[in-house]
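Accompanying notes for the structure given below.
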There are 6 protein chains.
Amino acid sequence: MPILQVEMLKGRTIEQKRNMVKKVTDAVTETLDCPKEAVRIIIREMELENFASAGVLRADNE
Amino acid sequence: MPILQVEMLKGRTIEQKRNMVKKVTDAVTETLDCPKEAVRIIIREMELENFASAGVLRADNE
Amino acid sequence: MPILQVEMLKGRTIEQKRNMVKKVTDAVTETLDCPKEAVRIIIREMELENFASAGVLRADNE
Amino acid sequence: MPILQVEMLKGRTIEQKRNMVKKVTDAVTETLDCPKEAVRIIIREMELENFASAGVLRADNE
Amino acid sequence: MPILQVEMLKGRTIEQKRNMVKKVTDAVTETLDCPKEAVRIIIREMELENFASAGVLRADNE
Amino acid sequence: MPILQVEMLKGRTIEQKRNMVKKVTDAVTETLDCPKEAVRIIIREMELENFASAGVLRADNE
């Protein structure tokens, strides 16, 4: 039943998401010893103005 | 103070959300023994390409 | 596929949790028009020193 | 490594977000004794129909 | 900057977690085209009485 | 209604948490223009074996 939430900046293609969920699911299945069917992944995409590190919005340092 | 986060696929109407938050709040209030005013619900809607199970995007299997 | 995360203070019995997940799942199923099997609920319990409102820890105002 | 997730209603300007992440990062750095570079903040904005308190959508009581 | 949150039932060894974060990080790095250093993973472990599917606590159906 | 979730490694004292929620609430109140009473903060503490960056558990590099 692993449930993963993946937060990332906007801009990836559906092809990148497709590969990511496939490979991450395989990685979880192999290492945590659970069936593939039990793995769920939620992707959340952020605008550059909705993420900050070191107190600075990503929109301001790119 | 229960705080609920509900992740669901896009496509529900505001009427469905209205009913859902009402009934879920009632269910929480009754069973956890807390005042209705203390219950908060955050709804997050996902695109079909942002949810996967068994390593496959929902956008690819519908 | 609704996935719910429920944050609440520590102290509920397993009987209360059992009732809560049953009634909340029913509420979601009825209002969002999805099969019961698709609903998952994650419960997270907090210590009184790990929740604050209005800038005050719950541990300090009870 | 503190990671903060901030849920708020839509409508703030980028200037408000810029100030918020700066001041929240300073507050975390001072009180938790960690370098500024270690603090990450994710902002999530909600539509009025995606937040409820006391069983009522915010969209319905404003 | 991908940040992952992994919810799973209690009971995995540190060796399983070590392998999981290594392989999941590799999977994310390859498919999302970002440096390894940018990937952060938060693991949250649940008691069997804190997870439900289909309205039934995991503690009740194992 | 801002709701904040703060993930951090274990080890802070209640005094540090008390100061953190006070100062973070002030920072949010000032910058987002909302009443102090509307701000809620959830703190989640992690074991060193439940956080990874760059594919390595924090428990392994300290």
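All chains are named by letter (A, B, ...) in the order of the sequence lines, taking the proteins before the strands, and each is independently numbered beginning at 1. Values below: every heavy atom of this structure, side chains too, minus hydrogens, waters and symmetry copies.
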How about residues 24-35 of chain D versus chain A: which residues have heavy atoms under 4.5 Å apart?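 Residues in range: D/Thr25.
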
Using a heavy-atom cutoff of under 4.5 Å, enumerate the residues of residues 14-23 of chain D that contact chain A, numbered in order, or state 'none'. D/Ile14, D/Lys17, D/Arg18, D/Val21, D/Lys22

Compare every heavy atom of D/Arg40 with every heavy atom of A/Ser53, then report the nearest pair and how far apart it is. CB-CG, 3.9 Å

So which atom in D/Ile42 and which in A/Phe51 form the shortest heavy-atom distance, rounded to 0.1 Å? CG1-CD1, 4.0 Å

Could D/Arg44 and A/Glu47 be called an ion pair, given the rule that one side-chain N must be under 4.0 Å from one carboxylate O? no

With a 4.5 angstrom heavy-atom cut-off, could you sort out which part of A/Glu7 is near chain D: side chain, backbone, both or neither? side chain

